[in-house]
Amino acid sequence: MTDGDSCGRCGEENGRVSSIGHFLRSFSWFDWLLVLATAVYVWLLASRRIEFGSTKGNWVYRYYSNLDVRTLLGSLALGVGLGCLLSFSLKHIDRHRILLPLCWLVLGTAGQLLLRLFSPYSLGSIVEGDAANGFYGASFACDPGGLLRDASSIYALFPIHIPTNMPGKVLFFHLLRLGADSPQAMGLLIVLISNAGGLLLYDLVRRVFRDRRASLTAFVFYLFIPARLYFIPILNAVSPVLLLAVMDVFAVFLQHRRTWEAALLGIGIYMMVFFEPTPLAGGLFGLVFLRDAAAKPGWRRECFFRLLCAAALGFLFVHVCFLRAFGFHIVEQVFALLQECAKCNVALHRPMAVWLGPNLVEFFLNGGVAASILFFSGIVVALRRKRGSDRRRADAPPGPPPPPMDTEILLSAALLVAAGILAIISRGEVARVWIFLSAFLQISAAIQAGRTPGTRTATVALTSAVVQAGTTLSMIGFVIP
C-alpha cells in the first residue's frame, strides 16, 4: 500500500465522519428532545411501567406481550421512511396542492396497514367481535326503521356497550354492508373513511391559518395519531370525520357567508350527534374560528344572525323529518344515552374523582408524545410572541385598536378547556372516546413544527408517532375481539 492510497482512505473516512457530524448537527436541540422523549416512552413501555387506564378507576388496558426488537426496528424504519417522504412533500406542497394530499391518503393507509401487522388481531376479527364491536351484530338483528321507532326497547336486548351509544353507529354498519360483503372489507372501509378525515383537516387548517405546509403536516400527523391507530376499526375512529366535516363547512361559511352553507352546518351537526354526541365539545373550536372571522373586515352583525337562524333551521328540518317518519326524538335519545352511561359507571365502579388526572394524562400520552410536547411548547412560544407584540404596540404611537388574541392561542386554550370539561364527565377509556379531540391536538403540533427552520421537527415528530403506535400496538390489548 502506498502513502497516497493510505492518505486517500483517511480522507474518505474523515469525509464520512464529517458528513455524519453535519447530519446530526442539522437537528435542533428541540428535535433531540423529541427523540429523547420517544426513547424514554419506549423504555417505559418495554419495562411495563406505563399504565393505560387506572387500576383505582377499575379500567386498565392490559399488556399481552413483551416488546420485540424486530417490532421496534420495523416501526423505526417505517417512521423514518415516512418522515423522509413528509420532508420531501413539505418542500413541494405549493406546487402540488391537490396531488400530495391524495398521495398521502394512500401512503397513510398503507403505513397503517403495515402497523396493524404488529397487532395479533385482524381488522375483520375486530369488526365482527361482539366484545369489541357490538354494532356489527346489531345491524343484522334489527332493521333501520324498527331501530329508530323503538330504540330504547331494542337496545335493551343487547349488551351494555350498545345502549351507551347512538343508533347512528348501528345504521352505519347497514350502510357498510351495501359496499362490503365481509367483516375484513368493512374494516378496510372504516380505515379509509377515518383517513378521509385527514383531507377535511387539511382543508380546515388551510382556510383558517392560510398555511399549506401546516395543513399538510397536520394531515399527516392525523393519519398516525397513536390513539386512532390503537382502536381502528372501532367507530370512535370515525367520529373525528363528522366533527371535521362540520368544522370545515363552518369555515367555508365564515369565508363566503352564504345562507345554504349555514343550513348545511345545522344538518351536519344533527348527523354528528346522531352518530355520537361527545364531539359537541368541539363547538369550542367553532367559537375560536367565529371570533377570528368577526375580527376581519366585512363581518357584520347580520352575518351572525344568518348563521344562527339558518343552522337552527337545518338542524330542525332533519329533526322533524326523523320525528315524522320514525317518531325518533334525538334530544330524548341523547338524555337516555347519558342515563345509560351513568348507570354503566355505577355498575362498573368508576368514581369520577379518580379519573380526573388519568383522563388528561391518557389523552395527551395517546394523542402522541411528540405532538403533545409540540402542543405545550407551542402555547409557550405563542404567548411569548404575543407578549412581545403587545409591548411593541404599547410603545407605538396611537392608532387603530390591536387585533384580537392570536387564533392559535385560543385554539390551544379551547382544546384544554374541552379536555377539562370532558375529563370531569368521562370515567376512563378517553384514549378511545376522545380521538376526535386528538385531531385538533395535531393542528397546534403542526403549527409549532412549522416554526422551526427546515422540516426536521415535523419529520422527527412523525417518526415518533409511528414508533409509538407500532410498539404499543404490539404490547397492549386495546381492542380484543
Taking the six-membered ring for Trp, are [X] and [Y] ring centroids under 6.0 Å apart?
| X | Y | value |
| --- | --- | --- |
| Phe317 | Tyr270 | no |
| Phe478 | Phe52 | yes |
| Phe322 | Phe274 | yes |
| Tyr230 | Tyr61 | no |
| Phe140 | Tyr136 | yes |
| Phe275 | Phe172 | yes |

Nearest atoms (heavy-atom pairs only) where [X] meets [Y]:
| X | Y | result |
| --- | --- | --- |
| Leu284 | Ala414 | CD1-O, 3.8 Å |
| Ala446 | Ala214 | CB-O, 3.6 Å |
| Ala458 | Phe221 | O-CE1, 3.7 Å |
| Gly282 | Met247 | O-CE, 3.9 Å |
| Leu265 | Ala311 | CD2-CB, 4.5 Å |
| Ala439 | Tyr222 | CB-CD1, 3.9 Å |

Can you tell me if [X] uses its side chain to pair, donor with acceptor, with the backbone of [Y] under 3.5 Å?
| X | Y | answer |
| --- | --- | --- |
| Gln468 | Val369 | yes |
| Ser75 | Thr71 | yes |
| Asn366 | Ala431 | no |
| Asp248 | Leu244 | no |
| Arg432 | Glu429 | no |
| Ser372 | Phe364 | yes |
| Gln442 | Ser438 | yes |

Any chance you could measure [X], atom [atom1], to [Y], atom [atom2], to the nearest 0.5 Å?
| X | Y | atom1 | atom2 | result |
| --- | --- | --- | --- | --- |
| Leu264 | Glu261 | CG | CD | 8.0 Å |
| Leu45 | Met475 | CG | CE | 4.5 Å |
| Ile232 | Ile435 | CD1 | CD1 | 8.0 Å |
| Ile447 | Arg213 | CD1 | CZ | 13.0 Å |
| Trp43 | Ile50 | CH2 | CD1 | 10.0 Å |
| Phe173 | Glu128 | CZ | CD | 10.5 Å |

Side-chain heavy-atom pair [X], [Y] within 4.5 angstrom cut-off:
| X | Y | value |
| --- | --- | --- |
| Leu374 | Thr457 | yes |
| Phe436 | Val241 | no |
| Arg291 | Leu287 | no |
| Phe363 | Leu415 | yes |
| Leu82 | Leu86 | no |
| Leu242 | Pro279 | no |
| Phe375 | Leu416 | yes |
| Ser215 | Phe209 | no |

Hey, mind stepping through Leu148 and Leu171 against side chain to side chain contact (heavy atoms under 4.5 Å, CB included) and telling me if it holds?
CA-CA 9 Å; Leu148 291 174; Leu171 298 185; 4.1 Å; yes
Using the side chain to side chain contact (heavy atoms under 4.5 Å, CB included) rule, take Ser122 and Ser125 through it: C-alpha gap first, then chi angles, then the decisive distance, then the call.
CA-CA 5 Å; Ser122 67; Ser125 65; 3.2 Å; yes
Look at atom [atom1] of [X] and say whether more than 12 heavy atoms of other residues, nucleotides or ligands are closer to it than 6.0 Å.
| X | atom1 | answer |
| --- | --- | --- |
| Ile98 | CD1 | no |
| Phe88 | CZ | no |
| Phe304 | CZ | no |

Side chains of residues 249-257: which donor-acceptor partners sit under 3.5 Å, not counting sequence neighbours?
{"from": "Gln255", "atom 1": "OE1", "to": "Arg207", "atom 2": "NH1", "distance (Å)": "2.4"}
{"from": "Arg257", "atom 1": "NH1", "to": "Gly298", "atom 2": "O", "distance (Å)": "2.9"}

Can you list the steps and then say if Phe440 with Leu204 is a side chain to side chain contact (heavy atoms under 4.5 Å, CB included)?
CA-CA 11 Å; Phe440 288 85; Leu204 176 64; 4.2 Å; yes
Could you give me the CA-CA distance, side-chain angles and deciding distance for Tyr202 and Arg212, then say whether side chain to side chain donor-acceptor pair (under 3.5 Å) is met?
CA-CA 8 Å; Tyr202 172 84; Arg212 291 191 180 275; 3.2 Å; yes
For Arg206, salt bridge (Lys or Arg N to Asp or Glu O under 4.0 Å) partners two or more places apart
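Testing Arg206 for salt bridge (Lys or Arg N to Asp or Glu O under 4.0 Å), a comparison that skips the adjacent residues, returns Asp203.
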Any salt bridge between Arg70 and Asp68, counting N to O under 4.0 Å?
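Here Arg70 pairs with Asp68 in a salt bridge, since their nearest N and O are under 4.0 Å apart.
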I'd like a table of donor-acceptor pairs (distance under 3.5 Å, sequence neighbours excluded) in which one partner is a side-chain atom from residues 186-196, with atom names and distances.
{"from": "Ser194", "atom 1": "OG", "to": "Arg228", "atom 2": "NH1", "distance (Å)": "2.6"}
{"from": "Ser194", "atom 1": "OG", "to": "Ala237", "atom 2": "O", "distance (Å)": "2.7"}
{"from": "Asn195", "atom 1": "OD1", "to": "Gln112", "atom 2": "NE2", "distance (Å)": "3.0"}
{"from": "Asn195", "atom 1": "OD1", "to": "Arg228", "atom 2": "NH1", "distance (Å)": "3.0"}
{"from": "Asn195", "atom 1": "OD1", "to": "Arg228", "atom 2": "NH2", "distance (Å)": "2.9"}
{"from": "Asn195", "atom 1": "ND2", "to": "Thr109", "atom 2": "OG1", "distance (Å)": "2.9"}
{"from": "Asn195", "atom 1": "ND2", "to": "Gln112", "atom 2": "OE1", "distance (Å)": "3.2"}
{"from": "Asn195", "atom 1": "ND2", "to": "Val191", "atom 2": "O", "distance (Å)": "3.4"}

What verdict does the side chain to side chain contact (heavy atoms under 4.5 Å, CB included) test give for Leu307 and Cys303, after you've listed the backbone C-alpha separation in whole Å, the side-chain angles of each residue and the deciding distance to 0.1 Å?
CA-CA 6 Å; Leu307 167 66; Cys303 297; over 6 Å; no
Positive for side chain to side chain contact (heavy atoms under 4.5 Å, CB included) with Leu422, one of Thr278, Val433, Asn359:
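Only one of Thr278, Val433, Asn359 forms a side chain to side chain contact (heavy atoms under 4.5 Å, CB included) with Leu422, namely Thr278.
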Decide whether Ser28 and Asp31 meet the rule of one side-chain donor and one side-chain acceptor closer than 3.5 Å.
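Judged by distance alone, the side chains do pair up.
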Between the side chains of Tyr41 and Thr471, does any donor sit under 3.5 Å from an acceptor?
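Absent: no donor and acceptor within the cut-off.
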